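Report on the structure given below.
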Amino acid sequence: MIYVGVNIFPDDDPSTAVYYFQDTVSHSLLGSVASPECDTQREGVEVQVFPYTQADPNGSILTLSEVVTALNDALKRASWRH
């Protein structure tokens, strides 16, 4: 997923921060859903947007260092099995 912004839609409640992420395929082919130039009606490409707030479980989103650690752990487990 790619981070595209906070409270990017006109109907977002300004008192609650909603962080939006978009799938990489539609972002690559259509651009950011936060951009007015994004063409969400392109045939064969469906935009998927994932909103998160502070109330959502914190374990759902990892920091870059947490991702690196998780990938290193997975690599160690995969190497151990071979």
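Keep in mind that what you see is a predicted model, and the values were worked out from it rather than measured. Position 1 is the first residue of the sequence, and the numbers go up from there.
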Least distance between heavy atoms, G31 atom then Q22 atom: O-NE2, 3.1 Å

Using a cut-off of 6.0 Å, state whether more than 12 heavy atoms not belonging to Q48 lie near its atom CD. yes

Hey, any chance F21 and I2 share a hydrophobic cluster, counting ILVMFWY side chains that come within less than 4.5 Å of each other, even indirectly? no

Listed partners of S32 passing side chain to side chain donor-acceptor pair (under 3.5 Å), at least two apart: none

Count I, L, V, M, F, W, Y as connected when their side-chain heavy atoms are under 4.5 Å apart, and connections chain through other members. Are Y20 and L29 then in the same cluster? yes

Using side chain to side chain donor-acceptor pair (under 3.5 Å) as the criterion, list what pairs up with S35, not counting sequence neighbours. E37

For D11, all residues meeting side chain to side chain contact (heavy atoms under 4.5 Å, CB included), sequence neighbours excluded: F9

Verify same cluster id: Y3, V68 (apolar side-chain graph, 4.5 Å): no

Any chance you could measure L30, atom CG, to E46, atom CD, to the nearest 0.5 Å? 11.0 Å

If every non-hydrogen atom of D13 is compared with every non-hydrogen atom of N7, which pair is closest and at what distance? O-ND2, 3.5 Å

Just to verify, what does A17 make a side chain to side chain contact (heavy atoms under 4.5 Å, CB included) with, not counting sequence neighbours? V6, Y19

Verify side chain to side chain contact (heavy atoms under 4.5 Å, CB included) between Y52 and M1, making sure each step is shown before the conclusion. CA-CA 12 Å; Y52 290 93; M1 293 188 292; 4.1 Å; yes

List in chain and number order the residues that pass ring pair (Phe, Tyr, Trp, His ring centres under 6.0 Å) with F50, two or more places apart in sequence or in another chain; answer none if no residue qualifies. none

Identify the heavy atoms of D12 and I8 that sit nearest to each other, and give their distance. OD2-N, 3.1 Å

Treating T69 as the side-chain partner and S65 as the backbone partner, does any N or O pair qualify as donor plus acceptor under 3.5 Å? yes

Say whether, by atom type as modelled, one donor and one acceptor occur between the side chain of D23 and the main chain of V49 under 3.5 angstrom. no

For D73, what residues pass the side chain to side chain donor-acceptor pair (under 3.5 Å) criterion, not counting sequence neighbours? none

